[in-house]
Number of protein chains: 2
Amino acid sequence: MAVPTSSSASPLFLREPEIRRGVELLYFGYSHMTRAIDDELSVQGLGRAHHRALYFIARQPDLTVSELLRLLAITKQSLGRVLNDLAGRALVEQRTGTSDRRQRLLRLTAEGSALEARLFESLREKVSAAYAQAGQGSVAGFWQVLEGLIPESERDVVAGLRKS
Amino acid sequence: MAVPTSSSASPLFLREPEIRRGVELLYFGYSHMTRAIDDELSVQGLGRAHHRALYFIARQPDLTVSELLRLLAITKQSLGRVLNDLAGRALVEQRTGTSDRRQRLLRLTAEGSALEARLFESLREKVSAAYAQAGQGSVAGFWQVLEGLIPESERDVVAGLRKS
DNA sequence: GACGTTGGGACAGCCATATTGACGTATCTA
DNA sequence: TAGATACGTCAATATGGCTGTCCCAACGTC
């Protein structure tokens with residue numbers, strides 16, 4: 001168990017207990033956030049994979065399939081099934097790209113948008129309660145650390161979501 | 001899309017963009033942290049489920065099966081397979097409980113402990129880089145917000161990990 | 001215009017991880 | 001002794017990933 005960087009020369013916050021605390025809180029925090037919408041999803045007969053697609057399409061309408069693939073980091077096959085489900089339930093619709101007609105531009109139908117908003121409401125409750133409880137000063141730190149977990153090569157892809 | 005609490009009366013950090021940013025960063029941060037150990041796990045022929053069990057047993061030796069079930073929030077069935085795999089590879093060993101002989105006390109073998117340490121090393125690199133980049137002041141906020149995501153009813157279970 | 005590349009879709013089959021419900025046994029506790 | 005608890009295990013099922021292969025339409029370029 002001798003971890004080199006647990007030496008007394010490291011800053012306190014880089015020692016093993018602080019790292020483990022971060023790992024555990026990230027695990028439990030993520031788990032509870034995602035479980036917050038499981039009930040509503042299963043009522044709709046959808047799973048978490050469907051929600052992730054729904055979420056990002058809501059976030060960035062006219063997203064292309066390949067952009068969505070990059071965000072989700074899954075294979076074309078896996079996304080295909082999810083997207084077919086969502087299209088079959090008329091939650092998502094596809095248009096041919098304008099500048100590049102090979103592309104499929106994805107967006108939510110009115111129904112899909114309503115569902116995403118309902119699911120987001122559950123997330124909002126969870127997250128805003130956590131923000132409020134932690135206090136405004138904590139939120140910036142929360143963002144900062146999480147950004148540090150994202151490899152630089154992907155940070156711009158994620159940041160692209162905030163432009164819309 | 002009209003979210004009631006997006007009204008101008010809410011603090012800035014409770015409005016939709018700030019909530020979405022948190023949701024997304026939590027998703028990407030968690031994803032990248034867990035992917036950091038996938039390669040090493042698949043070399044061992046193990047999956048993430050095995051790592052989670054390994055992690056918590058390392059964290060709290062002589063954990064009982066039911067305590068582990070609470071932490072992982074999965075069914076006995078699912079845990080059973082994982083635990084059998086780990087025992088079959090001599091990474092985990094079980095002893096009969098002392099005060100209550102119905103219990104099985106779980107702990108890592110020397111080999112299991114070495115593997116967990118190796119996997120933790122990858123997590124440590126990821127998380128400590130994020131901590132260092134964000135700065136010491138951010139870490140407290142990071143913890144605060146994540147704690148707020150955990151229901152009160154479970155906070156003591158999670159906090160119990162820090163006693164050891 | 002031919003050719004290579006790219007965006008998207010689909011086939012088949014497989015694997016990991018979770019679920020439910022039922023049942024059995026050993027052990028603890030009142 | 002009776003009931004509750006801790007653990008293990010049966011069978012069946014669902015979800016969401018994966019690989020490998022193949023295909024087509026559209027784009028870009030020489």
Side-chain angles (χ1 to χ4, degrees), chain A residues 27 30-31 34-35 37-57 62-89 92-107, chain B residues 27 30-31 34-35 37-57 62-89 92-107:
Chain A
Y27 166 69
Y30 179 78
S31 295
T34 55
R35 275 177 202 143
I37 58 168
D38 279 355
D39 287 350
E40 200 148 4
L41 279 172
S42 78
V43 165
Q44 310 287 327
L46 300 174
R48 288 183 188 176
H50 300 94
H51 176 246
R52 286 195 285 271
L54 217 50
Y55 182 95
F56 286 117
I57 298 171
D62 285 342
L63 198 67
T64 66
V65 171
S66 55
E67 283 166 338
L68 185 51
L69 278 174
R70 270 195 81 181
L71 287 168
L72 297 175
I74 57 176
T75 59
K76 240 194 314 183
Q77 276 308 323
S78 302
L79 179 57
R81 259 175 313 146
V82 168
L83 241 33
N84 284 339
D85 286 352
L86 294 175
R89 287 158 196 264
V92 165
E93 59 188 8
Q94 312 188 358
R95 284 171 28 230
T96 297
T98 47
S99 61
D100 185 337
R101 292 165 35 86
R102 289 172 304 180
Q103 297 178 331
R104 300 278 174 264
L105 306 183
L106 303 167
R107 50 167 67 229
Chain B
Y27 166 70
Y30 180 78
S31 296
T34 55
R35 274 175 203 144
I37 58 168
D38 280 354
D39 287 350
E40 201 149 4
L41 279 172
S42 78
V43 166
Q44 309 287 328
L46 300 174
R48 287 183 188 177
H50 300 95
H51 176 247
R52 286 194 287 271
L54 217 51
Y55 181 97
F56 286 116
I57 298 170
D62 284 342
L63 197 69
T64 66
V65 171
S66 56
E67 284 167 337
L68 186 50
L69 279 173
R70 270 196 82 182
L71 287 168
L72 297 175
I74 57 175
T75 59
K76 238 192 320 181
Q77 276 306 324
S78 302
L79 180 57
R81 258 173 312 130
V82 168
L83 242 32
N84 285 339
D85 286 352
L86 294 175
R89 289 159 195 260
V92 165
E93 59 188 7
Q94 312 188 358
R95 284 171 27 230
T96 297
T98 48
S99 60
D100 185 338
R101 293 166 34 86
R102 289 172 303 180
Q103 297 180 331
R104 301 277 175 264
L105 307 183
L106 304 167
R107 49 168 66 229

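Just so it is clear: chains get the letters A, B, ... in the order the sequence lines come, proteins before strands, and each one is counted from 1.
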CZ/A:R52 to NE2/A:H50 distance, rounded to the nearest 0.5 angstrom? 10.5 Å

Using whole Å, report how far CG of A:L83 lies from C1' of D:dG17. 16 Å

If you count the non-hydrogen atoms of other residues, nucleotides and ligands that lie under 6.0 Å from CZ in A:R48, is the total more than 12? yes

Within the pair B:N84 and D:dG8, is there a side-chain N or O less than 4.0 Å away from OP1 or OP2? no

Steps toward side-chain contact (heavy atoms from CB on, under 4.5 Å) verdict (A:Y30, B:Y27): CA-CA 7 Å; A:Y30 179 78; B:Y27 166 70; 3.8 Å; yes

Can you measure from CD1 (B:I57) to CG (B:D62) and round to the nearest 0.5 angstrom? 10.5 Å

Measure CG/B:L69 against P/D:dT9 and give the value in whole Å, please. 13 Å

For the pair made of CG in A:D38 and C1' in D:dG16, what is the distance, rounded to whole Å? 14 Å

What does nucleotides 16-28 of chain C look like as a protein-contact string, B for base, S for sugar-phosphate only, - for none, at under 4.0 angstrom between heavy atoms? -BBBBB----BBS

Does the side chain of B:L68 reach to within under 4.5 Å of the side chain of B:L72, using non-hydrogen atoms? yes

Here the distance between atom P of C:dG9 and atom CG of A:L68, to the nearest Å, is 11 Å

A:R35 CZ: over 12 foreign heavy atoms closer than 6.0 Å: yes

Tell me whether the OP1 or OP2 atom of C:dT6 has a side-chain N or O from A:Q103 closer than 4.0 Å. no

Positive for side-chain contact (heavy atoms from CB on, under 4.5 Å) with A:L106, one of A:L83, A:L86, A:T64: A:L83

Write down the distance between CG (B:L86) and P (D:dG8), rounded to a whole number of angstrom. 13 Å

Integer-rounded Å distance: D:dA6 P and B:Q94 CD: 16 Å

Send over the distance from A:L79 CG to C:dA10 C1', rounded to a whole Å. 13 Å

Any B:S66 side-chain N or O less than 4.0 Å from OP1/OP2 of D:dT5: no

Does the side-chain contact (heavy atoms from CB on, under 4.5 Å) test come out yes or no for B:D100 and B:Q103, once each step is laid out? CA-CA 6 Å; B:D100 185 338; B:Q103 297 180 331; 4.0 Å; yes

Would you kindly give the CZ-to-P distance between A:R104 and D:dA25, to the nearest whole Å? 11 Å

Across the strands shown, which category fits B:E67 at heavy-atom distances under 4.0 angstrom: base, sugar-phosphate, nothing? nothing

Could you give the angle between the helix axes at the two ends of the helix from C:dG1-D:dC30 to C:dA30-D:dT1, with five pairs per end, rounded to 10 degrees? 30°

Apply the test side-chain contact (heavy atoms from CB on, under 4.5 Å) to residues B:R89 and B:L46: give CA-CA distance (whole Å), side-chain angles for both, the deciding distance (0.1 Å), then the verdict. CA-CA 10 Å; B:R89 289 159 195 260; B:L46 300 174; 3.7 Å; yes

